Visitor: 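The structure follows.
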Amino acid sequence: MLKSGHVDTFARDNLPAQELWPDFKFTLPELQYPERLNCAVELLDRWVEAGKGDRTLLHTPEGKITYAEFQATVNRICNVLTKRLGLVPGGRVLLRAANNTMMVATYFAVLKAGGVVVATMPLLRAKELAYPIQKAKIALALCDVRLAEEMEKAKTQAPELERIVYWGGGPDTLEAMMEDEPDTFEACDTASDDVCLIGFTSGTTGVPKGTMHFHRDMMAICDAYSTQVLKPIESDIFIGSPPLAFTFGLGGLVLFPMRVGASTVLLEAAPPDKLLAAIREYRATVSFTAPTAYRAMIDMLQPGDVESLRKCVSAGEALPKATWDAWFKATGMKLLDGIGATELLHIFIGSPEESLRPGATGKPVPGYEAKVIDDDGNDLPPGTVGRLAVRGPTGCRYLSDERQHDYVVKGWNVTGDSYLMDEDGYFWYQARSDDMIISSGYNIAGPEVEGALLTHPAVAFCGVVGAPDPERGQIVKAYVQLKDGVSPSPELAAELQTHVKNEVAPYKYPRAIAFVDTLPRTETGKLKRVTLRETAMAEAAQGAPQSKAG
Ligand code: 3UK
């Protein structure tokens with residue numbers, strides 16, 4: 001490891017032992033980084049130095065902000081952090097806000113000052129905030145005053161947190177402190193392998209894991225996925241819905257645009273209708289959101305709504321082919337599917353428009369290698385379903401967590417997804433490995449059944465899980481949200497069952513169908529299968545009618 005720029009050595013001290021790291025590969029010339037590297041300097045200061053400070057960086061409801069204006073704000077916050085709030089290089093700072101200017105500015109200030117960002121989703125409750133504070137030993141939080149309530153509660157639960165500074169109103173605000181500080185600041189001289197971000201996983205399974213990322217990792221995702229697959233240009237206007245605390249949002253809405261000197265639209269809340277309106281209003285050109293959001297937008301589309309768009313990235317969960325087809329039909333645009341993970345920071349499999357295959361996730365992003373392995377870690381031949389393994393410039397380093405042993409196997413990151421690679425090297429998503437439904441000895445991937453249901457015109461969204469069954473062990477159960485104006489009925493359930501039998505192997509059809517008003521989703525847009533399974537379990541225990549027709 002290189003000579004650290006950190007004074008507070010907590011992050012480095014709590015990295016997993018190096019023998020537990022995945023093998024890091026820097027195969028492309030773009031991925032060779034100098035020993036001293038501060039990603040905030042590369043992504044922000046470089047543009048101002050190059051005389052491009054007048055370019056727009058942020059589009060917000062309050063107006064535009066240029067690279068130079070943003071840099072001045074960041075520098076003032078750096079001065080506040082280091083002179084008044086006791087931040088030393090290596091110190092962790094919790095950030096809590098929706099996607100807005102101050103969220104990005106505080107983010108960059110912590111990076112530039114050599115601190116370690118721990119960004120949190122706005123909807124987290126006190127208990128969920130207390131966990132990362134304790135796990136990452138965070139003494140300082142910067143928070144949007146509108147989110148003060150849970151923040152204060154979290155402080156009472158996590159004594160490590162010494163100080164919260166708010167912005168957006170009230171006494172002693174961050175803005176008040178910034179006013180007296182100069183708009184210049186010399187960036188911390190960090191090593192390219194100094195930790196700058198601890199990203200906590202959403203924790204749908206077990207307690208959240210803190211994934212540690214270096215300054216060079218922030219650059220690597222730009223120089224791998226963004227440069228090689230997305231290929232944005234300086235005039236692009238990025239837009240999207242994922243929170244910046246979700247690394248899908250961090251990359252897609254902040255790092256990727258900044259790497260090419262482009263601009264980005266920050267929306268505090270971006271449900272599909274608002275996102276669509278904003279794409280139109282700001283004439284956005286590159287969008288980042290979840291598959292279900294693209295699906296929801298299709299039915300809302302008015303002529304001209306998305307005519308400015310030229311690239312649409314879908315990630316976070318599987319993109320059903322039905323959604324790909326429907327978006328293409330409605331807009332003429334090819335959705336760019338890509339699988340990413342918090343552990344790898346961003347997308348590592350995904351193909352550009354010219355070579356993608358609808359329904360497949362794609363090929364490994366240049367700079368990454370991927371393969372399918374069996375339970376013992378042996379390579380499987382093309383056409384066989386197994387566990388996805390990947391390695392490249394980024395990878396898993398958990399903050400003191402035994403689960404490092406599960407995620408990294410023989411130097412490869414094992415994401416927990418079941419995949420198949422075809423003869424041409426395209427990767428086809430099957431399911432989360434632990435989500436496979438086993439019914440009468442058959443392995444059935446819920447997403448495949450969902451994909452079949454989604455091609456029926458009555459189905460808006462659906463989730464398919466295993467429900468306990470005395471005879472078959474599990475049966476396939478579908479939770480279906482119908483399109484507006486369609487009413488549930490036993491006849492429709494039977495019709496959907498027949499439809500699935502015609503689309504995929506008949507044994508995969510859902511023996512039980514339940515109609516629901518909405519499906520449970522995480523803040524990152526993923527279907528909460530755990531919740532659906534619990535519901536299915538409870539319904540089975542109550543002997544709920546399983547509509548076993550068919
Ligand atoms: C699933 C997908 C099929 C898959 C993420 C882009 O989702 C992100 O990170 P998370 O840590 O979850 C990782 C898991 O989500 N997944 C994500 N994308 C796809 N499954 N097709 C996809 N296209 O199970 C994976 O292991 O929340 C996504 C960029 C950054 C991210 N952090």
Side-chain angles (χ1 to χ4, degrees), residues 119 121 197-206 208-211 213 217-218 220-222 224-226 229-230 240-256 288-294 312-321 323-324 335-351 356-365 368 370 387-390 392 394-396 398 403 406-407 412-420 426-436 445-448 450-451 521-530:
M121 315 251 184
L197 163 65
I198 303 176
F200 278 86
T201 60
S202 45
T204 43
T205 47
K209 292 162 268 195
T211 66
H213 300 287
D217 300 338
M218 308 284 263
I221 62 169
C222 299
Y225 178 72
S226 188
V229 178
L230 186 65
S241 62
L244 300 186
F246 179 28
T247 62
F248 179 41
L250 169 73
L253 301 175
V254 178
L255 307 182
F256 299 170
F288 279 79
T289 191
T292 48
Y294 286 109
C312 316
V313 179
S314 168
E317 64 178 354
L319 171 63
K321 184 166 181 297
T323 301
W324 193 97
L335 284 177
L336 298 173
D337 191 6
I339 178 173
T342 309
E343 285 82 353
L344 284 116
L345 201 52
H346 219 275
I347 294 172
F348 49 84
I349 296 177
S351 292
L356 62 73
R357 292 216 176 145
T361 312
K363 287 192 176 183
V365 168
Y368 290 88
R387 304 198 297 162
L388 179 68
V390 49
T394 59
C396 179
Y398 289 137
R403 291 170 289 183
D406 306 328
Y407 205 92
W412 292 73
N413 299 276
V414 179
T415 64
D417 297 289
S418 292
Y419 259 88
L420 173 157
Y426 285 86
F427 283 78
W428 298 78
Y429 178 78
Q430 310 293 311
R432 289 285 306 167
S433 303
D434 43 18
D435 283 344
M436 279 284 186
E448 187 185 3
E450 290 160 16
R521 292 199 180 275
T522 65
E523 217 183 324
T524 58
K526 291 185 213 296
L527 181 67
K528 285 188 185 164
R529 286 173 197 283
V530 179

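Everything quoted here is computed from the prediction, not taken from an experiment. Counting begins at 1 with the first residue of the sequence. Values below: every heavy atom of this structure, side chains too, minus hydrogens, waters and symmetry copies. One-based numbering, in listed order, for ligands and for the atoms of each.
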Visitor: Is Glu317 salt-bridged to Arg521, cutoff N-O under 4.0 Å?
Guide: yes
Visitor: With sequence neighbours excluded, tell me which residues meet side chain to side chain contact (heavy atoms under 4.5 Å, CB included) with Pro447.
Guide: Tyr429, Ala431, Ala445, Glu450, Arg529
Visitor: I need the contact residues for ligand 1: any residue with a non-hydrogen atom closer than 4.0 Å to the ligand, ordered by chain then number.
Guide: Phe246, Thr247, Phe248, Ala315, Gly316, Glu317, Ala318, Asp337, Gly338, Ile339, Gly340, Ala341, Thr342, Leu345, His346, Ile347, Thr415, Asp417, Tyr429, Arg432, Lys526
Visitor: Parallel, tilted or perpendicular: which one describes the rings of Phe248 and His346, with boundaries at 30° and 60°?
Guide: tilted
Visitor: Do Thr361 and Tyr426 have side chains that get closer than 4.5 Å, going by heavy atoms?
Guide: no
Visitor: Under the ring pair (Phe, Tyr, Trp, His ring centres under 6.0 Å) rule, collect the residues that match up with Tyr368, sequence neighbours excluded.
Guide: none
Visitor: Kindly write out the residues that satisfy side chain to side chain contact (heavy atoms under 4.5 Å, CB included) with Ser226, not counting sequence neighbours, or none if the list is empty.
Guide: Leu230, Pro232, Phe256
